[in-house]
Amino acid sequence: MRTLFFALTLAMTLTLSGCGYNTFQSGDEQVKASWSEVLNQYQRRADLVPNLVSVVKAEAKFEQDTLTQVIEARSKATSIQATPELINNPAAFQQFQQAQGQLTGALSRLMVVSESYPTLKANQAFRDLQAQLEGTENRITVARNRYIKSVQEYNVTVRSFPSNLTAMVMGYTAKPNFTVDNEKEISKPPAVNFDAAPAKPAANPPGDGK
């Protein structure tokens, strides 16, 4: 009896391994871990924003509209619950991406506007926060790249034969990956114009006689 049970267990193990079941489990865990790291870096950025806003507010002449946009974008980005189920829901995943993209844009505009305020640029607290934000943006890029790769490997398993049969039986589907909202716009080649009107020659100085 024990021998029969062992044989059945061994046969089941070999069958599940051969059909890609274990690969799905490994890939799914890798996707979840990669996604957690993406969220970790997004949270780090969200935590930095209130301190950044507080420092910038100290500059009385700073544009209030820019700060308001940053605050609203952060609020929207953090209001979406980034649960593990989010990576299996394309619509919710896209909504999350859009919210994070809006925060990225608002922070970029804030940094551009800050260039016009020498006092703000010289503020040590602002410089420290700016450096931390730049480092966080780099970490987000690395984390997103790792997530993209892990989703790619998982989706290849979902679509490849014979593991696609296991996917159909077990209900595994392809997971959404990162993309950009303005894909068509950035796909266009940049317009380069060398037809600018040449500079007019300087007028003859008085008394030149020509």
Side-chain angles (χ1 to χ4, degrees), residues 2-50 73-108 131-183 186-187:
R2 180 176 298 178
T3 303
L4 179 60
F5 177 76
F6 176 77
L8 289 174
T9 303
L10 179 61
M12 184 175 294
T13 301
L14 292 175
T15 301
L16 291 176
S17 300
C19 69
Y21 178 81
N22 289 342
T23 304
F24 278 116
Q25 305 311 308
S26 175
D28 189 54
E29 289 301 321
Q30 183 59 48
V31 170
K32 289 178 181 176
S34 301
W35 177 244
S36 295
E37 181 57 22
V38 172
L39 296 181
N40 181 36
Q41 297 306 327
Y42 276 141
Q43 185 61 52
R44 172 187 168 89
R45 180 172 69 171
D47 292 341
L48 286 171
V49 169
R74 179 193 179 275
S75 177
K76 187 175 181 180
T78 54
S79 66
I80 299 176
Q81 287 191 340
T83 61
E85 290 74 22
L86 187 71
I87 56 178
N88 297 319
N89 186 334
F93 188 80
Q94 184 180 11
Q95 185 182 12
F96 178 82
Q97 283 192 87
Q98 290 175 344
Q100 293 296 339
Q102 290 173 1
L103 179 55
T104 300
L107 285 171
S108 297
Q132 290 188 57
L133 272 176
E134 290 173 353
T136 302
E137 294 297 334
N138 291 333
R139 291 189 180 96
I140 289 173
T141 301
V142 171
R144 286 176 53 161
N145 286 339
R146 289 174 178 168
Y147 177 79
I148 289 170
K149 185 177 180 181
S150 62
V151 170
Q152 176 192 13
E153 293 174 352
Y154 181 88
N155 289 346
V156 167
T157 305
V158 169
R159 294 192 169 100
S160 299
F161 181 82
S163 54
N164 62 332
L165 301 179
T166 304
M168 284 190 291
V169 173
M170 304 299 291
Y172 298 138
T173 57
K175 298 181 185 294
N177 216 330
F178 277 107
T179 183
V180 293
D181 294 333
N182 57 340
E183 183 176 353
I186 63 177
S187 298

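What you see is a predicted model; the values in this text were computed from it and never measured.
- The two residues L103 and A77 have their closest heavy-atom pair at CD2-CB, 4.3 Å.
- Closest approach of A143 to V38, counting heavy atoms only: O-CG2, 3.5 Å.
- Applying the salt bridge (Lys or Arg N to Asp or Glu O under 4.0 Å) test to pairs two or more places apart or on separate chains, those with a residue in residues 165-176 are D28-K175.
- T136 contributes atom OG1, which lies 12.0 Å from atom OH of Y42 (distance to the nearest 0.5 angstrom).
- A search for salt bridge (Lys or Arg N to Asp or Glu O under 4.0 Å) contacts involving E37 returns nothing, not counting sequence neighbours.
- Residues F24 and V158 form a side-chain contact, since some pair of their non-hydrogen atoms from C-beta on lies under 4.5 Å apart.
- Taking the six-membered ring where tryptophan is involved, the planes of W35 and Y147 are tilted, since the angle between them lies from 30° to 60°.
- Residues passing the side-chain contact (heavy atoms from CB on, under 4.5 Å) test with M168, sequence neighbours excluded: L165.
- With Q41 as the fixed residue, the side-chain contact (heavy atoms from CB on, under 4.5 Å) test singles out one of I140, T141, V142, N138: I140.
- Residues that satisfy the salt bridge (Lys or Arg N to Asp or Glu O under 4.0 Å) test with K149, not counting sequence neighbours, are absent from this structure.
- Rounding to the nearest 0.5 angstrom, the gap separating the CG atom in L133 from the CG atom in L107 is 6.0 Å.
- R45 pairs by the salt bridge (Lys or Arg N to Asp or Glu O under 4.0 Å) definition with E137, not counting sequence neighbours.
- Sequence neighbours left out, the pairs with a member in residues 150-162 that pass side-chain hydrogen bond (donor to acceptor under 3.5 Å, both in side chains) are S34-S150.
- For T78 (side chain) and R74 (main-chain N/O), a donor-acceptor pair under 3.5 Å exists by modelled atom type.
- Between F96 and L39 the shortest side-chain heavy-atom distance falls below 4.5 Å.
- The two atoms that bring R44 and Q132 nearest to each other are NH2-O, 4.2 Å, heavy atoms only.
- The distance from the CZ atom of R146 to the CD atom of Q30 is 9.5 Å, given to the nearest 0.5 Å.
- Residues E29 and Q25 have side chains not in contact (no heavy-atom distance under 4.5 Å, counting atoms from C-beta outward).
- Side-chain contact annotation: D47 with Q43, donor-acceptor N/O pair under 3.5 Å present.
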